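Keep in mind that what you see is a predicted model, and the values were worked out from it rather than measured.
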Amino acid sequence: MTAALVTRPGPDEYGAVYAGYIARVPADADIVSVLAGQQADNLARLRAMPESRGDHRYAPDKWSVKQVLLHVADTERIMTYRALRIARADATPLPGFDEAAYAPLSGADARTVADLAQELADVRQASLALFRHLPPDAWSRRGTASGYAASVRGLAWIVAGHERHHFAVLAERYGV
C-alpha cells in the first residue's frame with residue numbers, strides 16, 4: 001500500500017482528545033507527503049527566524065518558542081514509537097506522558113533555535129523512514145496508548161496535526 005491509499009483514520013482509531021489534530025490534516029491527504037512537506041516548510045521557517053525570538057513567551061506562564069519546538073519533537077518521538085509498537089503487533093498497552101512535566105526539564109532554553117530546528121528535522125526524518133516503509137496491513141493495526149484505542153494511521157495523522165497546531169500557535173501567539 002502506498003501512503004496515498006492510506007485513508008484518514010476513523011474516530012475509533014484515536015482518543016477524542018486528538019480529534020482537533022486529526023481535523024487539521026485534509027481528509028484526502030497523502031499522509032507521508034504531508035509529513036515530508038511539513039519538514040521542509042517548517043525547517044525553512046525556523047531558519048528564517050531570528051535567534052532572539054527563541055526565548056519569547058507570549059505570557060509569563062507559557063512555554064518559550066524553544067520549548068514549543070522541543071515539545072513538538074518529543075511528542076513526535078512518542079507518537080511514532082507508539083506507531084512502531086502497534087505496527088509490529090505489540091499488544092502491550094502504552095502509557096501516556098505529561099508534556100507539562102517534560103518542557104521544564106527539557107533544557108530547550110539553553111539551546112539555539114537552529115539546533116532545535118535541526119533536531120526537529122532529524123526526528124521527522126526518522127518518522128518518515130518508518131512510515132514510508134510500513135507494510136500495507138500495518139497501517140490499520142490497532143493498540144492502546146494513553147488509555148485510548150489507537151491505529152498506526154491515527155498516530156501518523158496525530159503527528160502531522162500536532163505539528164500544524166503548534167506551528168499555527170507559533171504564528172498566532174508568538175509572532176514567528
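- Nearest heavy-atom pair across Tyr14 and Pro9 is CE2-O, 3.9 Å.
- Side-chain contact between Leu70 and Glu119: present, with at least one pair of heavy atoms (C-beta onward) separated by less than 4.5 Å.
- Residues Ile22 and Arg8 meet the side-chain proximity criterion, which asks for heavy atoms closer than 4.5 Å.
- By the criterion of side-chain heavy atoms lying less than 4.5 angstrom apart, applied directly or through intervening Ile, Leu, Val, Met, Phe, Trp or Tyr residues, Val17 is grouped together with Ile158 in one hydrophobic cluster.
- The minimum heavy-atom distance linking Ala100 with Pro104 is given by the pair O-CD, 3.0 Å.
- Criterion: ILVMFWY side-chain heavy atoms under 4.5 Å apart, direct or through other members. Under it, Tyr81 and Val152 are not part of a common hydrophobic cluster.
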Step by step, work out the side-chain contact (heavy atoms from CB on, under 4.5 Å) result for Arg124 and Glu163. CA-CA 11 Å; Arg124 179 54 57 91; Glu163 182 167 308; 2.8 Å; yes

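- With values rounded to the nearest 0.5 angstrom, Arg88 atom CZ is found 8.5 Å from Arg141 atom CZ.
- The aromatic rings of His165 and His162 sit tilted, their planes meeting at an angle between 30° and 60°.
- Below 30°, between 30° and 60°, or above 60°: for Tyr58 and Tyr174 the angle between ring planes is above 60°, a perpendicular geometry.
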Applying side-chain contact (heavy atoms from CB on, under 4.5 Å) to Thr80 and Leu155, what does each step give before you reach the verdict? CA-CA 7 Å; Thr80 305; Leu155 291 162; over 6 Å; no

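- Note: Arg82 CZ to Phe97 CZ = 6.5 Å, rounded to the nearest 0.5 Å.
- The two residues Gly54 and Ser64 come nearest to each other via the heavy atoms O-CB, 3.7 Å.
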Take Val169 and Trp63 through the test side-chain contact (heavy atoms from CB on, under 4.5 Å) and record every step on the way to the result. CA-CA 11 Å; Val169 169; Trp63 290 345; over 6 Å; no

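- Put simply, the residue from Asp115, Asp55, Thr112 that forms a side-chain contact (heavy atoms from CB on, under 4.5 Å) with Lys66 is Asp55.
- Side-chain contact of Arg111 with Ser106: a donor-acceptor pair under 3.5 Å is absent, judged by distance alone.
- The two residues Ser146 and Tyr18 come nearest to each other via the heavy atoms OG-OH, 4.1 Å.
- Glu76 and Ser127 get closest at one heavy-atom pair: OE2-OG, 2.7 Å.
- Placement of Tyr21 and Val68 in two distinct hydrophobic clusters is found when ILVMFWY residues are connected by side-chain heavy-atom separations under 4.5 Å, directly or transitively.
- Atom-to-atom distance recorded for Arg164:CZ and Gln38:CD is 5.5 Å, nearest 0.5 angstrom.
- To the nearest 0.5 Å, the span separating CG on Leu170 from CG on Leu69 amounts to 6.0 Å.
- To the nearest 0.5 angstrom, Arg77 atom CZ is 9.0 Å from Leu120 atom CG.
- For the pair Val65 and Met49, the minimum side-chain heavy-atom distance is below 4.5 Å.
- Residues Leu130 and Leu134 form a side-chain contact, since some pair of their non-hydrogen atoms from C-beta on lies under 4.5 Å apart.
- Linking ILVMFWY residues whenever their side-chain heavy atoms come closer than 4.5 Å, directly or via other members, places Val6 and Leu84 in the same cluster.
- Taken to the nearest 0.5 Å, the CD1 atom of Ile31 stands 11.5 Å off from the CZ atom of Arg153.
- Annotation for Val34 and Ala29: closest pair CG2-CB, 3.7 Å, computed over non-hydrogen atoms.
- Transitive grouping of hydrophobic side chains (ILVMFWY, heavy atoms separated by less than 4.5 Å) brings Val25 and Phe131 into a common cluster.
- Remark: Ala117 pairs with Leu43, Leu46 by the side-chain contact (heavy atoms from CB on, under 4.5 Å) rule, at least two apart or across chains.
- Under the 4.0 Å criterion applied to side-chain N and carboxylate O atoms, Arg57 and Asp109 are assigned as salt-bridge partners.
- Remark: Phe167 engages no residue in a ring-ring contact (aromatic ring centres under 6.0 Å, His included) (not counting sequence neighbours).
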